[in-house]
Each structure stands twice: as C-alpha cells, then as structure tokens.
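Structure first, commentary second.
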Number of protein chains: 2
Amino acid sequence: MELVEIFKAFGDETRIRILNLLRNDEMCVCEIETILGINQSNASRHLNKLKSTGIIDYDKKAQWVYYKMDENFIKEYPLLYEFFCKEAEKDSKCIYDLKKWNELKKCNLGCKEIEKDKENVLKQLGRVQ
Amino acid sequence: MELVEIFKAFGDETRIRILNLLRNDEMCVCEIETILGINQSNASRHLNKLKSTGIIDYDKKAQWVYYKMDENFIKEYPLLYEFFCKEAEKDSKCIYDLKKWNELKKCNLGCKEIEKDKENVLKQLGRVQ
DNA sequence: TGCTTATATTCGTTTATACTCATATAATAC
DNA sequence: GTATTATATGAGTATAAACGAATATAAGCA
C-alpha cells in the first residue's frame, strides 16, 4: 500500500476513533455506530476505507461482521502502530470512547437491543465519566 | 497539535516528497519547486501547511527562506519520524527526488540561475538515473 | 416461504482540500 | 529612490472526501 494512502486513512477523526476502539477489541458495526454516535452508512464507509487500505480486517459471524486490526498491518508497520496507540492513549476523545465501550459491554446488550432502545442507550453512555 | 492534523499533513504526496527532501537537508523554496516540478505558489502553500502543523521550521537568510525539519517535532514524535524515514527510503519517487537534489547540488546553481534556465535544468534533472 | 436484522452500496449534496493565476510583501542590489 | 529576486497570499476554480437518506444484499429466523 502506498504510504500516502496510509496517512490519508489515518487522517480523519472518525477513523482515528474507530482504530482506537479496534486496537483493544474486535467490534461489530452497530457497536461502533453507537459509541461514535454516527449513522450506519457512515460507519460502514469508514470501515470499508480502513479495510481497503489494509489496516483492519473482519470476521463474518452469522449476520454480524466483526472488525479488528489487521495483523499484517501491525507486523508490517509496527512503528506506526505503536505511535498511533501511544497517541490514542493520550487523546481525550479516544479515552472517552473506550469508557463508553466498557459501559456498553457491561450492559451486555445485543445489536438489536441497542438499536431498539438507541436513544436511551446513548443517553446512558452520555453520562459516563 | 491534534493527532488527526499530523496525519492530514502527511496525507498528501507532494508534502511527503517535501518532507523526504527536508529529512536530509535544509532547502529553499525554489529548490523544492524545481525538484518536485511544481509552481512556486503551490510549493509555498504546502510548506506553510507543514510549518503550521509544527512538522517543519525555517530560517530566513537574506531573501531566502530555508526550510528544515522542526527539531521539536522529531523529539516529540520520534516513532512517527522513524516510520516516515524508513518508508521514504523505500519509496521510488522519494529516492528519485533525492537523486535530483544531488544533481542540483553538483551544478552549484543559485536560485536565480535555476529560474533563468529552468527548462534546461529540468531537462538535465529528467536524465538522472 | 416471507420477515427481521446487520451491513453494504448508490446517489445527490455539502464541505474540505489542492491548484492556478495574479498580486502583495520583503529583502537586496544598483 | 527603482529594479530585481524570493516568497507569501488572495481569489476563483477544480477535485476529492465526507455525509445522509434511501435502497440493495445477505444471513438468520418464524
């Protein structure tokens, strides 16, 4: 992959937030949607861009698509990955997103429950300190 | 500086080529212009973007502005800088640009000589293997 | 089979970025 | 002072990227 394409892939706040989530866990689209507060189409598009740049990969499990970091990317660009993780750890939005993800995991809700009760879930997540 | 702004600054081919030149030497605008084959306004704007992101810095010497890497950037983001240098070393366009820069240095031409005889200089540079 | 859920994609719109041409500024030399 | 050289900037345009709404696909489930 061209160097410039890698930088472009990282050069968007939404994608940085997605990568911050995926450096810790694998996650399906509706979870990412909920945590970032973006719509499904937008989430899917950003994931597609990261996938086509070779930064993330996915596993299909039934109707869900679980996105995760691409191991080959980490192997090929360890310095960049380490740099990214270090910076993400310090970034307030990234920290907050991970807190929301932990809350969401506690609730133990499936994608459909989240969707059905999205407003309430978002409200709850909004209270996370 | 926001992480995303740093990635955006690196996320352009012209700026990658500029940074590749500056990781080896300091250089004035007209030299960068000539090597990259872009116009003055365009070169100046890209340099400004890199400067305002804190990646490069400059020294004014008489009417020339010599751009160079910003030492604080290298200190603050050593992993990113190392990653960039490693990748640039492997990139064919970057390698070629440095060859052109070496040719240009050999000629020992000032900015005005380059400008006066730009077509010829560019032709010469085009022959570099 | 038809219905629901999860994700991807198309289309049109908006926003951001890059570019060119022309002009402005700033330093130097005469 | 004027002329020249180097660089920066303004204005307009072109290109690319991001977005939302609606639709398509694909996998489960009744």
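Below, chains carry the letters A, B, ... as their sequence lines are ordered, and counting in each starts from 1.
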SB check B:K49 B:D12 (cutoff 4.0 Å): no
Judged by each residue's nearest nucleotide on DNA chain D, which is more toward the 5′ side, A:E5 or B:Y58? B:Y58
Whichever of B:L47 and A:Q63 has the more 5' nearest nucleotide on DNA chain D, that residue is B:L47
Just how far, in rounded Å, is P of C:dT17 from CG of A:D12? 10 Å
Please report, rounded to the nearest Å, how far the P atom of C:dA26 is from the NZ atom of B:K61. 21 Å
Parallel, tilted or perpendicular: which describes the rings of B:F7 and A:F7, with under 30° parallel and over 60° perpendicular? tilted
Hey, does the side chain of A:H46 come within less than 4.0 Å of D:dA17's phosphate (OP1/OP2), counting only N and O? no
Whole Å only: how far is the CG atom of A:N39 from the P atom of D:dA22? 12 Å
Side-chain N or O of B:K60 versus OP1/OP2 of C:dA26: is the shortest distance under 4.0 Å? no
Give a yes or no on whether a donor-acceptor pair under 3.5 Å exists between the nucleobase atoms of D:dA21, that is its base, and the side chain of A:S41. yes
Does C:dT9 have its OP1 or OP2 closer than 4.0 Å to a side-chain nitrogen or oxygen of A:N48? yes
Mind calculating the distance between CZ (B:F7) and P (D:dA18) to the nearest angstrom? 15 Å
hbond_proxy A:Q40 side chain to C:dA8 base (donor-acceptor, 3.5 Å cutoff): yes
Which value, rounded to the nearest 0.5 Å, describes the distance between A:L36 atom CG and A:E13 atom CD? 9.5 Å
Check every strand shown and say whether B:Y67 touches a base, only sugar-phosphate, or nothing at a heavy-atom separation below 4.0 Å. sugar-phosphate
A:E13 has an atom CD; how far is it from atom P of C:dT17, in whole Å? 13 Å
Would you say B:R23 and B:F84 make side-chain contact, with heavy atoms under 4.5 Å? yes
Rounded to whole Å, please give me the gap between NZ in A:K49 and C1' in D:dC19. 14 Å
Expressed as a whole number of angstroms, how long is the span from B:K8:NZ to C:dA18:C1'? 14 Å
Closest approach of B:I6 to B:L80 (non-hydrogen atoms, all atoms of both residues): CG2-CD2, 3.5 Å
Rounded to the nearest angstrom, tell me the gap between atom CG in A:N42 and atom C1' in C:dT7. 14 Å
Please figure out whether A:R45 or A:V65 has its closest DNA chain C nucleotide nearer the 5' end. A:V65
